[in-house]
Amino acid sequence: MKYIPPQFKTLSEMAAIDVGRLTEDQAREILEKIRWHKGIECPHCKSKNIVRINGKSETVRDGLLRCKDCRKQFTVTVGTVMERSHITLRQWVQAFYSMCSHKKGVSSLQLQRNLGLHSYRSAWHLTHRIRSAMKENPLASLLKGVIEVDETYTGGKPRKGGNGEPNKRGRGTKKTPVMAIVERKGKVVSKPIENVTAKTLKTAIKEAVGKESKIITDEWHGYDGIEKEFKGGHHIVNHGRGEYCRGNISVNEAESYFALLKRGVNGTFHHISKKHLTRYCNEFSFRWDNRKVNDGERTEEAVKGMEGKRLMLKHLLKKEIVNV
Ligand SMILES: [Zn+2]
């Protein structure tokens with residue numbers, strides 16, 4: 001009997017094997033439907049007066065559209081993280097799907113092999129562009145309710161120092177601290193921070209959390225006095241005394257988040273420079289925030305975030321941190 005492949009309309013119905021079988025036209029159709037779910041809109045002037053250019057000649061690019069108002073031409077990649085990319089759309093969709101379905105992330109090297117990309121650098125640029133699509137909208141609402149706050153340090157196991165002294169673990173090391181602010185049963189805000197002083201920690205909490213919330217932290221003195229800022233007060237779980245949970249007072253969700261981040265960072269990526277750590281935090285936060293939906297739906301969510309973002313290779317390669 002002849003095998004007839006199933007017909008899918010949206011990513012949310014697909015498993016990895018189906019995504020792997022997409023043709024270039026199908027991938028384009030999927031991307032267009034996600035980006036322009038309310039109808040195609042000109043990325044230059046926002047007009048919805050659009051015609052599709054179905055030229056037979058080889059000089060007409062596939063998927064070319066034209067705005068009847070500003071008369072400019074565009075495709076689904078214009079004005080997104082995919083703009084001017086030489087990677088095919090089916091590879092883009094597969095890359096989005098891989099990064100959204102692997103809990104600990106996928107390394108650029110793995111993705112290069114899976115997608116058959118010609119160079120490591122283009123795979124690396126691709127994964128960073130997908131991370132920037134995953135970045136939370138800065139206007140997203142504040143976290144509320146019960147909020148767990150914690151910090152950790154990424155970057156491998158502590159090594160022996162030059163003088164035979166083991167590096168200190170945790171607070172006081174030269175490693176970059178990462179902070180997680182977790183809304184219990186909800187979203188996470190996580191990012192690398194300069195230091196773990198009271199000023200840095202409190203500023204980050206106030207930026208991310210609504211005033212009515214209740215804050216839970218460990219006994220680190222940097223959090224002292226935070227109760228003055230929040231109606232729900234400040235509750236402390238004393239890790240130093242071996243206490244991990246007292247009734248509902250724990251930072252277990254924040255620790256689960258860090259466990260995932262660390263397994264990803266130490267196991268999958270091996271080395272993450274401080275410069276790019278923000279984007280890895282965005283990636284892990286994105287998967288955490290969208291943990292309750294299936295892989296295809298999570299992929300659709302990430303694809304929606306591609307709009308209005310560009311992350312050019314020359315910017316990625318610069319020494320200073322680019323927050324895209
Ligand atoms: Zn236009």
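Read the numbers this way: they start at 1 and go in the same order the structure lists the ligands and their atoms.
For the pair Lys135 and Glu283, the salt-bridge criterion is not met [side-chain N within less than 4.0 Å of a carboxylate O]. Of the charged side-chain nitrogens involved, at least one lies within less than 4.0 Å of a carboxylate oxygen, so that Lys33 and Glu29 count as a salt-bridged pair. A salt bridge does not link Lys191 to Glu136: none of the charged side-chain nitrogens sits closer than 4.0 Å to a carboxylate oxygen. Using a 4.0 Å cut-off between a side-chain N of Lys or Arg and a carboxylate O of Asp or Glu, Glu301 and Arg298 do not qualify as a salt bridge.
Below the 2.8 Å limit, the Zn ion (ligand 1) has as protein N, O or S neighbours Cys42 SG, Cys45 SG, Cys67 SG, Cys70 SG.
Val146 shares a hydrophobic cluster with Ile216, Val237, Ile249, Val251; the chain of contacts runs through ILVMFWY side chains whose heavy atoms sit under 4.5 Å apart.
In this structure, His235 has its ring center no closer than 6.0 Å to that of Tyr223.
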